[in-house]
Amino acid sequence: MPKYDFDILNDRRIPGDVKYQSINGLSDFIPMWVADMDFKTAPCVENAFNQVARHGIYGYQNVDDEYIESVRTWYSRRFSCEIQNEWILPSPAVMYSAACSIRALTKEGDSVLIFEPVYYPFAKVIKNNRRRLIISELKQTEGYYEINYEDFESKIKENNVKAILFCSPHNPVGRVWTKKELKHLCEICLRHHAYIISDEIHADLVCRPCRHVPIASLSDEAAAVTVTCSAPTKTFNLASVQVSNMIIPNEHIRKSVQREMLANCQYGVNAFGIAATKAVYTEGEAWLDELLCYLDESRTILAEAFPQDSPISVLKPEGTYLAWLDCRGLGLSDNMLYNRFLLDAGVRLHKGVTFGKAGSGYMRLNFACPHSVLKDAVGRIQKTFL
Ligand SMILES: Cc1ncc(COP(=O)(O)O)c(C=O)c1O
């Protein structure tokens, strides 16, 4: 018997909620865009928050041994990956970690590569830090995305790429990279002395039989050039709590990243983030396992509604709670697609082209909501387009 009820309809229409905000005065739509969930977090978080709140003293706080131990044992249990306590560097957010890592590992004007389509702040963080953005597009064959290794290696060579910003598992295409794929990618980076900044925020949200492999766990050589960005925030729906961790085995890199954080006067994470991390990493596993089963059913609902031969077909995600809808069969421009989904179907999605040119003709749908809401959205989309 399931212990947690993901079918409950929670009211998220509170001031400041990003996902549920109105757009041009319009609020009567199902919001399936921003990547957070409509489920309440694991009950252990509320208990942990209550304890912190009751304490009533919210002074400066460092992470303690229990916090570090909770991250270490999570990696050991969930990914069979043994990390050392001193490799763990807490940080308020994954994209903040990515920014600090880019500044620590490269100089202004250096080339940093990403694989598009990808989470759109990747391109921004590279450009905003005055690095050269190099794009290698993923290739898609029959609804399955892969790295184009030839293109990747030639771009690395041609542009003297110093680092790659990698998304694993991949948002938005939902791939969970295999060990073989990661090894190949790693070999290319090592051959050309490119650092790997691996954003693994979706690592826990993987659908069986796929398994997430932390890229740094492949070999000592891989670990020596990698910054892994990890967080409990996607997994346990804690985005606004602002807590994450970098895992950096290489001491020299770790010190450089720490210096970048200090240069930004960033000294750590907040008391609620510390409490939440300890709670979920020690008591949240049963909740997560049930969530993963629920999301598997959601994937099936989508796969049945939008099969491969339909003008809208879903690429069945191996991980994340984000579905990548191939809408090219509708023959609409990206703006038309967005507007018709929003205005005619009443479903707010993310435009695929936001994630890079290669996303044109696609839409990203966040399915982390109760099945009744997902079925309502699916029905609206079918009625509008099919
Ligand atoms: C791949 C990826 N990285 C980072 C983030 C944001 O993480 P943070 O809020 O910790 O910067 C997201 C959020 O959707 C994401 O999908």
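By convention here, the first residue in the shown sequence is residue 1. Numbering of ligands and ligand atoms starts at 1, following listing order.
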Q | Ring center gap for Phe79 and His212 short of 6.0 angstrom | A | yes
(Q) What I want to find out is whether Lys19 reaches Asp38 closely enough, with some N-O distance under 4.0 Å, to be called a salt bridge. (A) yes
Q: For side-chain hydrogen bond (donor to acceptor under 3.5 Å, both in side chains), just list the numbers for Thr41 and Asn237, CA-CA rounded to whole Å, side-chain angles, deciding distance to a tenth of an Å, and then say yes or no.
A: CA-CA 6 Å; Thr41 185; Asn237 209 23; over 6 Å; no
Q: Run through ligand 1 for me and note each protein residue having a heavy atom under 4.0 Å from it, chain first, then residue number.
A: Ala35, Ala93, Val94, Met95, Tyr119, Cys167, Asn171, Asp199, Ile201, His202, Lys234
Q) Applying the 4.5 Å side-chain criterion to the ILVMFWY set and letting contacts propagate, would Leu365 and Ile23 be lumped into a single cluster? A) yes
(Q) Distance alone, cut at 3.5 Å: any donor-acceptor contact between the side chains of Tyr144 and Arg175? (A) yes
All N/O donor-acceptor pairs, side-chain side in residues 370-378, below 3.5 Å, sequence neighbours left out:
unit_1	atom_1	unit_2	atom_2	d
His371	NE2	Tyr294	O	3.2
His371	NE2	Ser298	OG	3.1
Asp376	OD1	Arg380	NE	3.1

